[in-house]
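Source: prediction; values computed, not measured. Whatever order the structure lists ligands and atoms in, that order sets their numbers, starting from 1. Sequence positions, counted from 1, serve as the residue numbers for this chain.
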Amino acid sequence: MRDIKDRVILITGASSGFGMVTAKMCVDLGAKVILGARRQDRLEELCASLGSQNAIFKTSDVTNKKEVHDLASHGISTFGHIDALVNNAGIMPLSLLEKGRTDEWDQMIDVNIKGVLYGIDAVYSHMLERGNGQIINVSSVAGKRVMPGSAVYSGTKFAVSAISEGLRMESAGKLQVTCIYPGAFQTELGSSIKDESMLEFLMKGNLAAVAQPAERIAEAIIYALQQDPGVAVNEIVVRPTAQGA
Ligand code: NDP
C-alpha cells in the first residue's frame, strides 16, 4: 500500500455525498484535490474548510466536455499534474418506463455516461504521457442488476462498468482502473427522484432505513487509491449488511 500524501486527485460531483466526503478524507491523508460540480457555494465552502493550498475547485457540468477539460486544466496548472480521477458525479431519477420521462432519461445518459467519458478524456492523454495514473469510476449495484424503475439508471451504470473494463484493458500496464459498485448509502442522490409512484414504491422498501454513511464508500475509494502502482483493484462492491438485493 502507498501513502496518498501529496498525490493530486480530481473528484467530480464533489459538492455533496461520496465526492464531498472523499475530498475531505483525501486531504486528511495529505493529498491535494481538484473539485468539480455545479453548485459553486458548496464547493467554495468545502475548499475554504480544506485550505486553498490543498483544495481547489472549478464549477463544471460534466455534460459539458469543455467544462470538464477546463476543470482538469485548472488542476494541472495549479498542482502541476493529476495522479488520479474519481469519476463520481451522477444522478438517479428513477421511474417506470411507462411514465415516459424522457427528459430524465436524457439527463441520466448525459451525466452518468457521457460525464464519465468526458472525465476519462480530460485526463487520459495526460496520464499516458506521464506513464501512470489512476481512474476510479463510480457505478452502482444497479450496474449489476435491474429493478422495476431502474431500467435507464441501471443502463447507465452497466455502461460505466463496461467503460471501466474497456479502459482497464486498453490502458493495461499504464493506468490503475477501478469500478466501484455502492449499494444504499446516505447522500443526496434520492432527491433526484421526481416520479411520485417511484417514491412511494421506495418508501415501502426499507433501503433508506438500512443505508449506511457515505464515509464507507469514501474508504473504499481511498483503498483503491492506496494501491501500489503495480496493482489495480478492478472492482469493489459495497452494500449495507442489511441490503439484500
Ligand atoms: P449526491 O446527490 O449526494 O452527489 C451527486 C454529485 O454529483 C453532486 O456533487 C452533484 O453536484 C454532482 N452532479 C450531478 N449532476 C452533475 C452535473 N451535471 N455536472 C457535474 N456534477 C453533477 O449523490 P451520491 O454521492 O450518492 O452520488 C455519487 C455517485 O454515487 C453517483 O454516480 C451515484 O449514481 C453513485 N451511487 C450512489 C449510491 C448511493 O446510495 N448514494 C448508490 C450507488 C451509486 P451538483 O449538483 O452541485 O452539480
Using 4.0 Å as the upper bound for N to carboxylate O, is an ion pair formed by K174 and E129?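 Judged by the 4.0 Å cut-off on N to carboxylate O distance, E129 and K174 do not form a salt bridge.
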Should the pair R130-D83 be classified as a salt bridge under the 4.0 Å nitrogen-to-oxygen rule?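 Salt bridge flag = yes for D83 with R130.
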Taking only non-hydrogen atoms of [X], do any sit less than 4.0 angstrom from ligand 1?
X: K157; result: yes
X: G115; result: no
X: S60; result: yes
X: T12; result: no
X: Y181; result: no
X: G143; result: no

Atoms in ligand 1 with a heavy atom of [X] nearer than 4.0 Å:
X: Y153; value: 33 (C), 34 (O), 36 (N), 44 (C)
X: V138; value: 29 (C), 30 (O), 35 (C)
X: A184; value: 40 (O)
X: G90; value: 5 (C), 7 (O), 14 (C), 31 (C), 32 (O)
X: P182; value: 42 (C), 43 (C), 44 (C)
X: V111; value: 15 (N), 18 (N)
X: G17; value: 3 (O), 25 (O)
X: I91; value: 14 (C), 15 (N)

Of the listed options T187, V238, L207, closest to atom 26 (O) of ligand 1 (non-hydrogen atoms):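 That would be T187.
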For [atom], find the nearest protein heavy atom and state the residue, atom name and distance (0.1 Å precision).
atom: atom 1 (P) of ligand 1; result: S16 OG, 3.4 Å
atom: atom 25 (O) of ligand 1; result: F18 N, 2.8 Å
atom: atom 27 (O) of ligand 1; result: L189 CD1, 3.9 Å

Look only at interatomic distance and state if [X] has a nitrogen or oxygen under 3.5 Å from any nitrogen or oxygen of ligand 1.
X: S15; value: yes
X: V141; value: no
X: A37; value: no

Test side chain to side chain donor-acceptor pair (under 3.5 Å) applied to D121 and K65, K114, H69, the passing residue: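 So, applying the side chain to side chain donor-acceptor pair (under 3.5 Å) to D121 and each of K65, K114, H69, only H69 qualifies.
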L35 reachable from M20 in the ILVMFWY side-chain graph, under 4.5 Å edges: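 Cluster IDs for M20 and L35 match.
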One residue to check: S139. Relative to ligand 1, which of side chain, backbone, both or neither has a non-hydrogen atom less than 4.0 Å away?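 Contact part for S139 vs ligand 1: backbone (N, CA, C, O).
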For A14, which part has a heavy atom under 4.0 Å from ligand 1: side chain, backbone, both, or neither?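 Backbone only.
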Least distance between heavy atoms, Y118 atom then V62 atom: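 Of all heavy-atom pairs spanning Y118 and V62, the closest is CD1-O, 3.1 Å.
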Under the side chain to side chain donor-acceptor pair (under 3.5 Å) criterion, do N137 and S164 qualify, and how do the steps go? CA-CA 7 Å; N137 294 328; S164 303; 3.0 Å; yes
Would K144 count as a cation-pi partner of Y181, with NZ or CZ less than 6.0 Å from the six-membered ring centre and within 45° of the ring normal?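 Because its charged atom sits under 6.0 Å from the ring centre and within 45° of the axis, K144 does stack over Y181.
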Worked verdict on E188 versus R39 for salt bridge (charged side-chain N to carboxylate O under 4.0 Å, His left out): CA-CA 13 Å; E188 297 176 16; R39 285 171 291 179; 3.1 Å; yes
